[in-house]
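Written below as structure tokens is the structure these notes are about.
Since the model is a prediction, treat every value here as computed from it, not as a measurement. Whatever order the structure lists them in is the order used to number ligands and atoms, beginning at 1.
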Amino acid sequence: MGEGVTAFAEGDHVVTSFISMCGKCRYCSRGRPVLCDNANKAFYQLPDGSVRTHDAADNPLNVFMACGVMAEYATLHVDNVVKIDKDVPLDKAALVSCGVMTGVGAVFNTAEVEPGSTAAVFGVGGVGLNTVQGCAIAGAEKSSRST
Ligand SMILES: [Zn+2]
């Protein structure tokens, strides 16, 4: 645990978020963290502008979207970590960090799919399948109209 980190404790179960959410800017305070003013800072560095991951020769390694979670270990900023219930299996929770967040998030935060809407999803990999799932949760329906 990093110095000054109080929101988490050793042993907490967490998922990572590739969208940095400061929780303080105008968008975060309005419940639109996907538009966080500070998120762009975290494309290749941690949200505070630091790079804390280094190679064996101590050269800085920039990590994509402040996570770089394809590695065995990662150094994450608190703005990119979300605490979850310890009863949630981590292998299932890991899916939420990427495919579910992107697919379901696109339905609710980007497309704003409404009940009764018809949506087309191109590609049904990890993200696409969760987009279909998000559409179902949002109440999208298969169109009965033919063209
Ligand atoms: Zn923010």
| remark: Note: C28 and P33 closest approach over all heavy atoms is SG-CA, 4.0 Å
| query | Is any side-chain heavy atom of V104 closer than 4.5 Å to a side-chain heavy atom of Q133? | reply | yes
| Gap between atom CG of L61 and atom OG1 of T53 - 0.5 Å precision | 6.5 Å
| Counting no waters, what protein N/O/S atoms lie under 2.8 Å from the Zn ion (ligand 1)? | C22 SG, C25 SG, C28 SG, C36 SG
| So with a 6.0 Å cut-off around CD of E114, is the heavy-atom count from everything else above 12? | no
| said: Is there a continuous path of hydrophobic side-chain contacts, each under 4.5 Å between heavy atoms, that joins L76 to F8? | reply: yes
| Within-4.5 Å side-chain heavy-atom neighbours: V113 and V107 | yes
